[in-house]
K.L.:
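One structure, as structure tokens, below. Some questions next.
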Amino acid sequence: MPRYSINESRINQTLQELGHLGESPEGMDRVAYSPEDIAGRDYTIKLMQEAGLETRIDAAGNIIGRRAGSDDNLPAIALGSHTDTVPKGGKYDGALGVMGAIEVIRTLEEQGHRTRHPLEVIDFTNEEGTRFHRWLVGSRSMSGLLEQEDLDALDDDGLSLGPCIADIGGDLSRIGEAVRSPGELAAYFELHIEQGPYLHQSGNPIGVVTGITGRAVFEVEIEGKANHAGTTPMSTRRDALVSASKLVLNIQKMAAEQEICRVSTVGSIKAIPNAVNVIPGHASIGLEFRDTDMEALAAAEQELRRITDQAAVDDIVDIDVIRHRFTSAVPITADMQALVAEAAENCGMAWEPLASGAGHDAQAVANIAPVAMIFVPSIDGISHAIEEYSTPQDCANGVQVLLELLLLADDRS
Ligand SMILES: [Zn+2]
């Protein structure tokens, strides 16, 4: 049995109220720094204050609500996620983690339970990175992972970040002050919808996240020979698009059949000159591999280089493999996973271990604190779309486990 019961109708009511801010017939639009995002943030601040949290906005624009512990010499335990959305996104991605954290605080207030550690609820700014095409801006600012490119980024209209940060109450010129040092937070816990199909398929209400996926992105340029599509015999062609097509199938098989890495995707393809009566002289494909194991990503790269070398020989084309930056996988420690599993069991809920295929604020915060993540089912595995849905029961289950996890961590650390 969990120690205290969260209020299922209250948490779902706040999710729906937040979900009306920026709602349109096509989905949620609370893109970071927009008026709708600011409305969502204002709503969040109001809820935090009603729950008795002392709120502040750091220089990066993160909203931080703090509750004193019985021993304020201890580092804080933080709970959080984000309230920005992608364009035409859903009501649950990010929102559940923030609204759920506030529900946890409300429950503790009602029960008169004072934790040993101070508690923080954090609403990280611009997780999605839609505007400025730089993501996890708030959590990376707090974790000391911000890069010069983040500060210099321009949006699609050529506007800079400074005024946007000011609009949400931050200050770009002081953004270094948002950095928290390792040891300042005892732990960070993030409740999130799975955004994949596994829990929905298995029927387990809780996912214990084992790690956040790493990602390796490549571009492959293929140089053949453009020529007349009517007069060039099939036997003498050097068709770059045909080589690219074989690579697309082989790259798909790397995950689907050979299981070298968890997922492999060719997401873009270009043919030049892209004319129906010309043999494509040039083609390029953009692809990515994802896995929580960086060795699997290295193995995938090795296999990619092997099949492209082979294709160059077989098809008499020149192939250049361009390696973009790798995003490192972030493992979640075994003791943190065990704590989430124990919390789920205390709540009488079945769980399964799951890797996160999407990125989350927790992966940045892992740079400064131990992190854990709880997943709840996404119906049909859909997210970043208007169809994104988790049932009221699923949402409440996740919040219940979040509360129990917090209490376990408070007892033991
Ligand atoms: Zn999210």
Side-chain angles (χ1 to χ4, degrees), residues 11 14-15 18-19 21-23 27-34 36-37 40-41 43-44 60-63 78-103 121-143 145 188-200 206-207 209 211-213 215 290 292 327 329-330 332 354-366 371-390 394-395 398-399 402:
I11 167 61
T14 58
L15 272 171
L18 178 63
L21 303 172
E23 189 179 28
M28 294 305 306
D29 269 300
R30 279 198 313 270
V31 171
Y33 317 116
S34 65
E36 294 79 13
D37 176 44
R41 290 165 54 88
Y43 175 73
T44 302
N62 296 313
I63 301 167
L79 314 175
S81 196
H82 60 98
T83 54
D84 69 316
T85 70
V86 295
K88 302 180 176 46
K91 281 185 183 172
Y92 300 86
D93 175 359
L96 177 60
V98 177
M99 295 299 110
I102 294 171
E103 174 58 32
V121 175
I122 308 177
D123 181 4
F124 289 109
T125 188
N126 199 2
E127 190 269 354
E128 299 286 4
T130 303
R131 185 119 182 243
F132 301 104
H133 309 288
R134 306 289 300 177
W135 73 320
L136 303 179
V137 172
S139 50
R140 287 191 297 116
S141 297
M142 189 178 286
S143 309
L145 297 170
Y188 170 72
F189 300 138
E190 185 165 350
L191 167 63
H192 207 281
I193 57 167
E194 181 198 332
Q195 303 180 276
Y198 295 107
L199 294 174
H200 180 61
I206 297 295
V209 181
I212 299 165
T213 198
R215 179 170 179 243
R290 294 195 193 204
T292 48
T327 305
V330 174
I332 290 177
L354 267 184
S356 174
H360 296 291
D361 290 307
Q363 77 192 64
V365 181
V371 303
M373 286 194 77
I374 304 163
F375 275 173
V376 295
S378 295
I379 301 303
D380 294 327
I382 297 172
S383 81
H384 283 191
I386 192 171
E387 293 86 3
E388 177 181 290
Y389 183 64
S390 296
D394 286 334
C395 293
V399 178
L402 181 66

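Numbering of ligands and ligand atoms starts at 1, following listing order.
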K.L.:
Of the options Leu191, Val121, Val399, Thr14, which is the one that meets Met99 in a side-chain contact (heavy atoms from CB on, under 4.5 Å)?
P.N.:
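Between Met99 and the candidates, side-chain contact (heavy atoms from CB on, under 4.5 Å) is satisfied uniquely by Thr14.
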
K.L.:
By the salt bridge (Lys or Arg N to Asp or Glu O under 4.0 Å) test, which pairs, at least two apart or in different chains, include something from residues 129-140?
P.N.:
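Output for this query lists Arg131-Asp155, Arg134-Glu147, Arg134-Asp150, Arg140-Asp150.
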
K.L.:
Under a 3.5 Å cutoff, is there a donor and acceptor pairing between the side chains of Asp361 and His82?
P.N.:
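No donor-acceptor contact under 3.5 Å links the two side chains.
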
K.L.:
The criterion is salt bridge (charged side-chain N to carboxylate O under 4.0 Å, His left out); which residues satisfy it with Glu103, sequence neighbours excluded?
P.N.:
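Applying salt bridge (charged side-chain N to carboxylate O under 4.0 Å, His left out) to Glu103 gives Arg10.
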
K.L.:
Does the side chain to side chain donor-acceptor pair (under 3.5 Å) test come out yes or no for Ser81 and Glu190, once each step is laid out?
P.N.:
CA-CA 6 Å; Ser81 196; Glu190 185 165 350; 2.8 Å; yes

K.L.:
Show every salt bridge (Lys or Arg N to Asp or Glu O under 4.0 Å) that has at least one partner inside residues 379-390, sequence neighbours left out.
P.N.:
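Qualifying pairs: none.
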
K.L.:
Taking 2.8 Å as the upper limit, name the protein N, O or S atoms near the Zn ion (ligand 1).
P.N.:
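Result, waters dropped: His82 NE2, Asp93 OD1, His192 NE2.
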
